[in-house]
Colleague: 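Attaching a single structure in C-alpha cells format; questions to follow.
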Amino acid sequence: MTRHYLDNNATAPMRPEVASLMQELAHKPLNASSVHQYGREARFAIENARAKIATLLNADGQGIIFTASGTEANNLALRGIAASQYYVSAIEHASVRKTVPHATLLPVTADGVVDVEQADKILSRAPKGAMVSVMLANNETGVVQPVGKLRKIAHEHGALIHCDAVQAVGKMPVDFRRLGVDMMTISAHKLGGPQGAAALIVGSCLPLTAQITGGGQELYRRAGTENVAAIAGFGLAVELATRDEGRMESLRQRRDTMESNLLRECPNAVVFGARAERLPNTSCIAMPGVSSETQLMALDLDGVMVSAGSACSSGKVDVSHVLLAMGADKDTASTAIRISTGWNTESQDIDALLTAWTRLYQRAGMKHEERKAA
Ligand code: PLP
C-alpha cells in the first residue's frame with residue numbers, strides 16, 4: 001500500500017542531502033575535542049553548521065548552544081536562568097509546561113493566539129527578574145504567535161523572554177535579532193534534519209547555567225561529546241529548509257483547498273485557528289462525532305498517517321490542552337486530528353487524505369449527525 005505521510009510536525013522526513021552528508025561523517029571517528037586531523041575535521045563540521053545557522057537565522061554564532069533535542073534546549077532556557085517567576089502561554093509544548101509547572105499561564109483567544117492585552121495586564125504585576133516563554137508557532141494548530149509584541153511587553157516589565165521556534169523554522173521566515181527575544185529554541189528533526197540535534201540560541205551576555213555538566217563543550221554551557229554528524233546535518237537542513245521557504249506558498253494553497261474540500265463534505269467540521277495567521281503546512285480539524293483515535297486508525301488503514309493534535313509521547317491520545325485553552329468543548333476537542341505537510345508532500349498525499357477522510361465521514365460522522373438531528 002502506498003504510504004502518505006502527513007505528520008511532519010511530529011517529525012519531518014530527512015532530506016537526502018542531509019542523509020548523505022551524515023553518512024559520510026558517521027564513518028569517521030570524529031571528536032571535536034581531539035587535536036589531531038579527525039578532531040579538526042569534527043571541529044570544522046560543527047563550526048560550519050554553527051556559522052550557517054547563525055547567518056540564516058540572523059544570530060550570533062557564539063550564542064548558539066547545540067543540544068540533543070528541542071526539549072533539552074527548552075529545559076536549558078528555563079532552568080539555566082533562575083527567574084523569580086515564570087509566565088508561559090497556555091498552549092506551550094510539554095517541554096515548556098512541564099519544566100515550569102508552577103508558571104502563570106498567559107491565556108489565548110478562541111483563534112489560538114496569545115491574548116496580548118491580557119498578557120500585558122498579567123505581566124504588569126510580574127516581579128523583577130521574571131521570564132516569559134511563548135512559542136513562535138503552535139505545533140497542533142500552526143497558529144503564529146505575536147512574539148514581537150510580547151517581547152516588547154516582557155521587556156517593558158523587566159522580564160526576559162524565551163521563544164520556542166521549533167515548529168517555525170523552515171515554515172516561515174525566522175530572524176532571531178529582529179524577533180528580539182533573549183533565547184530561542186530550534187530543532188533539526190522538524191525541518192528535514194536528523195533527530196539528536198537542536199539548539200538554544202541566546203543573546204549576547206546572557207548568563208546561563210549549564211544543565212549538563214562535565215567537559216567544556218559549547219563554551220561550558222552544555223557538556224558532552226558533540227554529535228558531529230547530526231550537528232552537520234542540522235546545519236545543512238536549516239540551509240535547505242530556509243532556501244525552500246518559497247515552496248510554502250504552494251503548501252498554503254494546497255492546505256486551504258484541502259480544508260475547503262473537507263468543509264464542503266462536512267459543513268459541521270471545525271478547523272481550529274482558521275481565522276488566525278497560521279503555518280502554511282498545518283491543519284487541525286475536527287470531524288463531529290468520530291474520536292481522534294478512530295480517525296487515526298481508519299486513516300492509517302488507508303495508508304494515511306496523521307496525528308491527534310495531542311498525541312503524547314506515551315502513544316495515548318489525550319484531549320488537547322491547546323484546543324481546550326482555545327475554549328473548545330471536550331467533545332469537539334476529542335475529535336480533532338492534525339494534518340501537517342512537508343518538503344516532500346505531493347498532491348497524491350492530500351488526495352488520499354481527502355478520499356479516506358470523506359469515506360470515514362460518510363461511514364461514521366454522517367450517521368452521528370443524523371442520530372443527533374433525529
Ligand atoms: N516544542 C515544540 C513546539 C514541539 O512541537 C516539539 C516537538 O514536538 C518540541 C518543542 C520538542 O522538540 P524535540 O522533539 O526536538 O525534543
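These figures come from a predicted structure and were not determined experimentally. In each ligand, atom 1 is the first atom listed, and ligand 1 is the first ligand listed.
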Colleague: Can you give each donor-acceptor pair under 3.5 Å made by side-chain atoms of residues 351-358, sequence neighbours left out, with the distance rounded to 0.1 Å?
Modeller:
unit_1: Thr355; atom_1: OG1; unit_2: Asp351; atom_2: O; d: 2.8
unit_1: Thr358; atom_1: OG1; unit_2: Leu354; atom_2: O; d: 2.6

Colleague: For ligand 1, what are the residues with a heavy-atom contact below 4.0 Å?
Modeller: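 For ligand 1, the contacting residues are Ser69, Gly70, Thr71, Asn74, His93, Ser95, Met135, Asn139, Asp164, Val166, Gln167, Ser187, His189, Lys190.
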Colleague: Quick one: side-chain contact (heavy atoms from CB on, under 4.5 Å) partners of Asp111, sequence neighbours excluded?
Modeller: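 Residues passing side-chain contact (heavy atoms from CB on, under 4.5 Å) with Asp111: Thr109, Val113, Arg275, Ala276.
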Colleague: Is the shortest side-chain N to carboxylate O distance from Glu226 to Arg43 below 4.0 Å?
Modeller: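 Yes.
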Colleague: Return each pair, listed once, that meets side chain to side chain donor-acceptor pair (under 3.5 Å) where at least one residue sits in residues 55-68; pairs must be two or more places apart or across chains.
Modeller: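 As it turns out, the side chain to side chain donor-acceptor pair (under 3.5 Å) pairs with a partner in residues 55-68, which skip direct neighbours, are Asn58-Asp175, Asn58-Arg177.
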Colleague: Are Val290 and Ile339 grouped together when hydrophobic residues (ILVMFWY) are joined by side-chain heavy atoms under 4.5 angstrom apart?
Modeller: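 Yes; tracing contacts between hydrophobic side chains, which count when under 4.5 Å, links both residues.
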Colleague: Would Met183 end up clustered with Val114 when hydrophobic side chains under 4.5 Å apart are linked, directly or stepwise?
Modeller: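 As far as the 4.5 Å side-chain criterion goes, Val114 and Met183 are not connected within one cluster.
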